[in-house]
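In what follows, a single structure is set out as structure tokens and then discussed.
We're numbering straight along the sequence, starting at 1.
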Amino acid sequence: MSDTKTQAGRIRTEVHGHVFKIIIDNVAKKNSFSPQMMAQMSDAMTLLDRTDDYWVGVLCAEGPDFTAGLDMPKFFGPKAENTELKPGNIDAFALKSRCRKPIVTAVQGICFTIGIEMMLAGDIVVAADDAKFCQMESKRGIAPLGGAHFRYLTRAGWGDAMYHLFLCDEFGAARAHKIGFVQEVVAPGQQIARAMEIANLIAKNAPIGIQVTKEAALKFIEAGESAAIDYIPKIKDRVFSSEDMKEGIQSFVERRSAVFRGK
């Protein structure tokens with residue numbers, strides 16, 4: 001991961017004492033993710049997890065938006081690229097393996113699909129009050145595959161989770177705060193500074209104590225999460241073999257409303 005700004009679409013990192021900052025940097029495309037960026041995010045999360053001097057992670061993004069989600073044609077189009085991660089790596093959605101260190105996420109502007117799933121895979125979220133959230137996969141003929149189907153439940157409860165998962169609607173920072181997705185709402189431009197402040201407050205505590213607290217808390221929900229994660233391949237198989245998915249992707253490419261048939 002280079003710290004120069006010549007490469008378009010990448011994940012950058014910075015070290016601030018015991019805080020490891022992970023930065024999404026693809027501003028020209030609203031910080032949408034390519035397969036290479038997903039691999040770089042995994043590498044960064046793994047570095048946070050495995051480096052003893054990094055006690056807290058901060059996940060944030062350059063520009064006015066957190067992320068518009070996946071660069072869809074690069075993942076699902078005829079020229080889709082490989083998305084396999086390195087064996088043993090932490091994944092950004094905490095499905096195969098979860099970072100042991102606490103992660104504070106700062107979001108602003110557009111935070112769609114995988115952006116929501118990444119922030120919910122972390123621990124604490126600070127949102128600018130201009131943040132906009134939407135889990136819109138089913139509008140594209142697919143389904144959430146990064147953990148939204150169970151992490152919405154963990155954070156918001158059944159009714160609020162199904163409300164947003166079924167409607168695929170857009171909601172703001174105030175609503176996200178009300179249902180527990182977001183812990184603090186701040187003025188636009190202040191979200192990263194506040195996330196860093198929280199991270200530094202966490203880093204004043206004993207790192208082992210913080211890490212085992214997270215580990216112990218996860219024991220409460222890991223059995224349910226494990227079953228939900230194991231079910232993802234079945235979700236993927238069903239939607240990826242559907243005519244609706246083909247229509248959803250084609251409508252995205254053609255910038256039109258999809259016409260689904262339920263097949």
Side-chain angles (χ1 to χ4, degrees), residues 1-13 22-46 59-86 89-96 105-122 130-149 151 165 168-170 232 235-236 239-242 244-258 260:
M1 286 168 287
S2 169
D3 283 335
T4 64
K5 291 198 173 186
T6 56
Q7 178 186 345
R10 65 208 175 94
I11 304 300
R12 297 189 293 107
T13 62
I22 302 171
I23 306 156
I24 305 166
D25 189 354
N26 191 16
V27 177
K29 301 190 87 173
K30 298 186 182 297
N31 286 326
S32 60
F33 273 75
S34 66
Q36 291 82 4
M37 288 173 66
M38 290 303 306
Q40 291 171 4
M41 179 63 75
S42 174
D43 288 342
M45 290 283 186
T46 303
L59 175 60
C60 59
E62 291 281 7
D65 300 304
F66 185 70
T67 179
L70 297 179
D71 190 339
M72 296 279 281
K74 292 183 178 179
F75 285 85
F76 304 116
K79 296 182 180 179
E81 302 168 16
N82 180 32
T83 59
E84 289 297 318
L85 304 180
K86 294 175 184 175
N89 257 24
I90 302 296
D91 77 273
F93 306 113
L95 300 176
K96 296 180 179 178
T105 304
V107 302
Q108 73 277 359
I110 293 171
C111 181
F112 290 172
T113 59
I114 64 165
I116 302 173
E117 291 174 317
M118 283 185 188
M119 79 180 200
L120 296 184
D130 67 350
K132 298 175 288 186
F133 305 90
C134 186
Q135 204 73 49
M136 63 173 66
E137 286 91 339
S138 293
K139 287 187 174 182
R140 305 296 186 210
I142 50 178
L145 300 173
H149 65 297
R151 293 211 170 101
L165 289 172
C168 304
D169 62 328
E170 184 178 301
I232 289 176
I235 298 172
K236 189 174 181 179
V239 296
F240 275 37
S241 62
S242 70
D244 279 353
M245 177 185 168
K246 296 176 184 177
E247 165 61 12
I249 300 301
Q250 190 64 30
S251 67
F252 176 81
V253 172
E254 296 176 359
R255 299 184 181 278
R256 59 174 173 80
S257 297
F260 296 121

Kindly compute the distance separating [atom1] ([X]) from [atom2] ([Y]), expressed to the nearest 0.5 Å.
X	Y	atom1	atom2	value
L70	L145	CG	CG	9.0 Å
T105	L120	OG1	CG	9.0 Å
I24	F66	CD1	CZ	4.0 Å
I114	M38	CD1	CE	5.0 Å
N26	Q36	CG	CD	10.5 Å
E62	D25	CD	CG	5.0 Å

Is there a donor-acceptor pair closer than 3.5 Å between any side-chain N or O of [X] and the backbone N or O of [Y]?
X	Y	answer
E117	A148	yes
S42	D91	no
N31	D65	yes
K139	C168	yes
R151	F93	yes
Q40	I11	yes

List the atom of [X], the atom of [Y], and the distance in Å for their closest heavy-atom pair.
X	Y	result
R140	F260	C-CZ, 4.0 Å
A61	Q108	O-NE2, 3.2 Å
C111	I116	O-CG1, 3.3 Å
P144	L165	CG-CD2, 4.4 Å

Fill in: T113 side chain reached by Q135 side chain, heavy atoms, under 4.5 Å
yes
Worksheet item: Are any non-hydrogen side-chain atoms of F33 and K74 less than 4.5 angstrom apart?
Response: no
Worksheet entry | Electrostatic pair E247:R256 at N-O distance under 4.0 angstrom | yes
Discussion item. Please determine whether side-chain contact (heavy atoms from CB on, under 4.5 Å) holds for the pair M119 and L59, giving the CA-CA distance in whole Å, both sets of side-chain angles, and the decisive distance to 0.1 Å.
Written reply: CA-CA 8 Å; M119 79 180 200; L59 175 60; over 6 Å; no
